[in-house]
Amino acid sequence: MCGAEKVRHMLMGEQVLKKWKKSKKMTVAFGGILVMSVVIGGCGGREDAKKSIKIGISVYDQYDTFVSEMMKDFNDYATKKEEETGVAINIDTYNASASQSTQNSQVENMITEGCDVICVNLVDRTDPTAIIDLAEKNNIPVIFFNRELVEEDLERWTRLYYVGAQAFESGIMQGELAAEAFLTDQSLDKNGDGIFQYVVLEGEAGHQDAIVRTEYSVSTMIDSGVEVEKLGYAIANWNRAQAQTKMAQLMSQFGDSIELVIANNDDMALGAIDALKASGLTKDEWPAVIGIDGTDVGLEAVKNKEMIGTVYNDKEGQADAMLNLAYELSTGSDLSDLNLIDGKYIRLPYARVTCDDVDSYMEGDTE
Ligand code: BGC
């Protein structure tokens, strides 16, 4: 630590607010959005980059469960890194509220504010041009995360990076879990026809994880020897409340023929469970529900056996990797220890979670 008193305030949701409730001061930044970093006592300033660095972050939607949990981990790792290195790490986090033009303005503001590196959770993964142009013009490196831009865009300048995971892996693991459940538990085949009748709750149209997860999940079940039949699907934009509404519609359309709900993330799986609970069906009558992410609430549902499993999207690993990369870029250090793929990508592996091993993931949480 540089010896100065550090106060940090992050407005990324209640959990984080609680964590930083010792904060004494807040700044109101660009466009009325509250940002979270204040350093008192002279640690700031790019004139002494080794003692103090500044990281700007824009998230596509601060209410997204996975992203907000990842941000909490990012802040926890930043605190640890400060203790290890003695370098003050100032983090300004902005919520783009699902608007790409708001996010572009936020990046402009972060550059004006002197950020050493900018981390962007793109609103529209097909529209990073304005951000890339701004960053290149001002020579500020950008780490994109979670919402993957196309390779051609990432190649447009040397100081652009991506931290995330390989979407297809999560689809394969979800399909394996569903197939294993069907092949080992006859009660899941409610009508006894030997075919797994399923519906899909999809994330945002156009998001790499939505398209790829669904495709691989279904093809893996088939490759594992399970005959499947798709009854229907609905787009629920990663969102629990939307998934509850969509699931209620699917249930009124297909009744008890639904044997499996494949959700592209845990929040939508939980929305499906909310609809099942509201329907008055007993738990024995529910279809199997399976998610992806291993969020705190998702893991809880696996432990309670409301979900047959989930696929762990390593938010701690991604947060840690992004923090280390941001740190090295800000302090001008060598990136060789970070094992970047093609000099640009860091991808963390997924993992399968069932009620047999869920406890280790719950313990492993950085809560
Ligand atoms: C996560 C979702 C999240 C989405 C946001 C995905 O990787 O699995 O839970 O809503 O990213 O971009």
Side-chain angles (χ1 to χ4, degrees), residues 12-13 57-74 93 95-100 103 119-128 143-150 162-174 177 200-217 235-244 246 261-273 289-302 307 309-319 321-322 345-353 361:
M12 284 290 302
I57 304 182
S58 173
V59 297
Y60 89 103
D61 173 9
Q62 69 173 348
Y63 299 107
D64 182 285
T65 307
F66 175 80
V67 172
S68 66
E69 288 186 3
M70 184 183 162
M71 286 300 99
K72 181 187 172 301
D73 292 333
F74 186 85
T93 301
N95 176 22
S97 302
S99 159
Q100 189 56 60
Q103 187 165 64
C119 302
V120 179
N121 180 220
L122 279 169
V123 173
D124 180 350
R125 61 188 276 268
T126 66
D127 192 15
I143 306 172
F144 294 97
F145 66 101
N146 170 259
R147 299 162 71 88
E148 187 169 351
L149 59 174
V150 294
Y162 179 75
V163 174
Q166 284 285 17
F168 75 89
E169 263 181 30
S170 55
I172 291 175
M173 290 182 187
Q174 189 181 49
L177 287 170
V200 185
L201 290 170
E202 289 184 1
E204 282 165 278
H207 191 299
Q208 83 280 350
D209 289 344
I211 307 162
V212 175
R213 284 175 183 170
T214 305
E215 184 184 328
Y216 279 84
S217 185
I235 293 174
N237 294 310
W238 307 119
N239 180 279
R240 181 168 180 162
Q242 288 185 38
Q244 178 174 359
K246 297 287 168 73
V261 181
I262 299 174
N264 283 167
N265 77 345
D266 282 355
D267 261 16
M268 294 188 294
L270 291 161
I273 290 168
V289 180
I290 189 160
I292 291 178
D293 272 345
T295 56
D296 296 345
V297 268
L299 293 174
E300 199 59 48
V302 174
M307 273 162 62
T310 189
V311 177
Y312 202 73
N313 192 359
D314 187 358
K315 57 186 182 306
E316 288 91 3
Q318 291 170 38
M322 188 161 89
Y345 291 89
I346 300 180
R347 295 189 193 276
L348 276 291
Y350 286 97
R352 299 157 28 138
V353 186
Y361 287 89

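Whatever order the structure lists them in is the order used to number ligands and atoms, beginning at 1. Only this structure's heavy atoms are used, side chains among them; waters, hydrogens and symmetry mates stay out. Computed from a prediction, not measured in an experiment: that's the story for all the values here.
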For [X] and [Y], which I'm curious about, is there any donor-acceptor pair between the side chains at under 3.5 Å?
X: Thr214; Y: Asn264; value: yes
X: Asn95; Y: Ser97; value: yes
X: Gln166; Y: Glu169; value: no
X: Gln242; Y: Asn237; value: yes

Could you pull out, from Asn313, Asp293, Thr295, the option with a heavy atom nearest to atom 9 (O) of ligand 1?
Asp293
Applying a heavy-atom cut-off of 4.0 Å, say which part of Glu204 lies close to ligand 1: side chain, backbone, both or neither.
neither
Protein residue, atom and distance nearest to atom 11 (O) of ligand 1, heavy-atom basis:
Asn146 ND2, 3.0 Å
Protein contact to atom 10 (O) of ligand 1 [nearest heavy atom, distance to 0.1 Å]:
Asp64 OD2, 2.5 Å
Ligand-side contact atoms (ligand 1) for residue partner Phe66, heavy atom cut-off under 4.0 Å:
9 (O)
Arg213 N/O to ligand 1 N/O under 3.5 Å:
yes
Are any of the N or O atoms of Asp209 closer than 3.5 Å to those of ligand 1?
yes
Whether Tyr162 and Tyr345 hold their rings parallel, tilted or perpendicular, with breakpoints at 30° and 60°
perpendicular
Using the side-chain contact (heavy atoms from CB on, under 4.5 Å) definition, which of the options Asp293, Asn265, Asp61, Thr65 pairs with Trp238?
Asn265
